[in-house]
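Written out below as structure tokens is the structure these notes cover.
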Amino acid sequence: MATPTTSFMKEVLPPVLDSTSQPPTLFDGTTRLYISYKSPFAQRTWITRNCKKNCCYGKQGLQEKIKLVPIDLQNRPAWYKEKVYPPNKDPAKRQFAEELFSYIDSLNKIMFTALSSKEDVGDEVGAALDKVEDALSKFDDGPFFLGQFSLVDIAYAPFMERYQILFSDVKNYDITKGRPKLALWFEELNKIDAYVQTRRDPQELLAHTKKRLGQIA
């Protein structure tokens, strides 16, 4: 068994936030890990964050990408429960997530049918996109479908990415026009490395999808 090296750079730990502390800026593109230094459960996640990319063998973990935000659980900030850990809102978000997952197939059918048609973009497409816009307005604790980035955004991102490109090219139609929440969703989505790394060249997507739709690329 290899012996872990001792050359690992020790992290300067941030101070613990209590009821007198101001909240961090929640949606600035930074990933944060809210923990208690004293909690064994939080420590497990903390260790995992530190040990990503084989850092135990001399390589740095995710310290620069995931910032620690230590909380005093005995004197926690008032904003913590509302903004970071809102258990009173979780059931509503879970139910809404299921509704959004169920809607994807209907949305895709409407959008791809419109793209295949020789007609201009009709009311059905507008209504479908307005429903997405309304969904993005349901929670006010962030710019994503459930407020904070979730599996719902991951489920929608590949399709919405293509609709933005295809409708602009094929139909000369901007799916974000008049839909500020959707425009903001794209803007914030493009700040997330995990998504950005999966994006393909727009021209490549156009050629591939047009071929599938039976159009000339």
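One-based numbering along the sequence shown.
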Kindly work out whether a path of hydrophobic side-chain contacts (I/L/V/M/F/W/Y, heavy atoms less than 4.5 Å apart) joins Met160 to Leu184. no

Taking atom NZ of Lys131 as the centre, report whether more than 12 heavy atoms of other residues, nucleotides or ligands fall under 6.0 Å from it. no

Other residues, nucleotides and ligands only: do more than 12 of their heavy atoms fall within 6.0 Å of CG on Asp201? yes

Interatomic distance, NZ@Lys38 vs CG@Leu73, rounded to 0.5 Å, equals 9.5 Å

Pairwise side-chain contact, Glu133 with Pro180, heavy-atom cut-off 4.5 Å (strictly under): yes

With a 4.5 Å cut-off on side-chain heavy atoms, are Tyr163 and Leu129 touching? no

Asp120 vs Tyr173 side-chain heavy atoms within contact, under 4.5 Å: no

Answer yes or no: is there an ion pair linking Arg179 with Asp130, defined by an N-O contact shorter than 4.0 Å? yes

For Phe144 and Phe139, run side chain to side chain contact (heavy atoms under 4.5 Å, CB included): C-alpha distance rounded to whole Å, both residues' side-chain angles, the deciding distance at 0.1 Å, then the answer. CA-CA 8 Å; Phe144 299 105; Phe139 298 105; over 6 Å; no

Keeping Asp153 on the side-chain end and Ser150 on the backbone end, is there a donor-acceptor pair under 3.5 Å? yes

Exceeds 12 heavy-atom contacts within 6.0 angstrom, atom CD of Gln74: no

Any non-hydrogen side-chain atom of Leu189 less than 4.5 Å from a side-chain atom of Tyr156? no

To the closest 0.5 Å, what do you measure between NZ (Lys181) and CD (Glu188)? 11.0 Å

Heavy-atom donor-acceptor pair, Ser117 side chain to Thr113 backbone, under 3.5 Å: no

Heavy-atom side-chain contact between Met111 and Leu166 under 4.5 Å: no

Is there a side-chain contact between Ile71 and Pro77 in this structure, where contact means two heavy atoms from C-beta onward sitting under 4.5 Å apart? yes

How long is the gap from CZ on Arg162 to CG on Leu205, to the nearest 0.5 Å? 5.0 Å

Check whether any side-chain N or O of Ser168 sits under 3.5 Å from a backbone N or O of Gln164 as a donor-acceptor pair, and report yes or no. no

Ser137 side, atom OG; Phe145 side, atom CZ - distance, nearest 0.5 Å: 10.0 Å

If you measure from CG on Leu33 to NZ on Lys67, what distance do you get to the nearest 0.5 Å? 12.5 Å

What do you reckon, is CZ of Phe159 surrounded by more than 12 foreign heavy atoms closer than 6.0 Å? no

Under 3.5 Å: donor-acceptor pair, side chain of Trp46, backbone of Tyr37: no

Specify the closest pair of heavy atoms between Ala155 and Phe101, including all atoms of both residues, with the distance to one decimal. CB-CE2, 3.8 Å

Given side chains that start at C-beta, do those of Asp174 and Phe167 come closer than 4.5 Å, heavy atoms only? no

From CG (Leu100) to CG (Leu151), nearest 0.5 Å: 12.0 Å

If you take all heavy atoms of Leu136 and Leu182, which pair is closest and at what distance? CD1-CA, 3.7 Å

Has Lys138 got a side-chain atom pairing as donor or acceptor with Phe96's backbone, closer than 3.5 angstrom? no

Is Val132 close to Trp185 at the side-chain level, that is, under 4.5 Å between some pair of heavy atoms? no

Might you work through the side chain to side chain contact (heavy atoms under 4.5 Å, CB included) test for Glu161 and Thr198, ending with a clear yes or no? CA-CA 11 Å; Glu161 172 190 350; Thr198 70; 5.5 Å; no

Given the rule that I, L, V, M, F, W and Y join up when any side-chain heavy atoms are under 4.5 Å apart, are Tyr195 and Val152 in one cluster? yes

Considering residues, nucleotides and ligands other than Gln95, do more than 12 of their heavy atoms fall under 6.0 Å from its CD? no

Restricting to non-hydrogen atoms, name the atom on Pro15 and the atom on Pro70 that form the minimum distance, rounded to 0.1 Å. O-CG, 3.2 Å

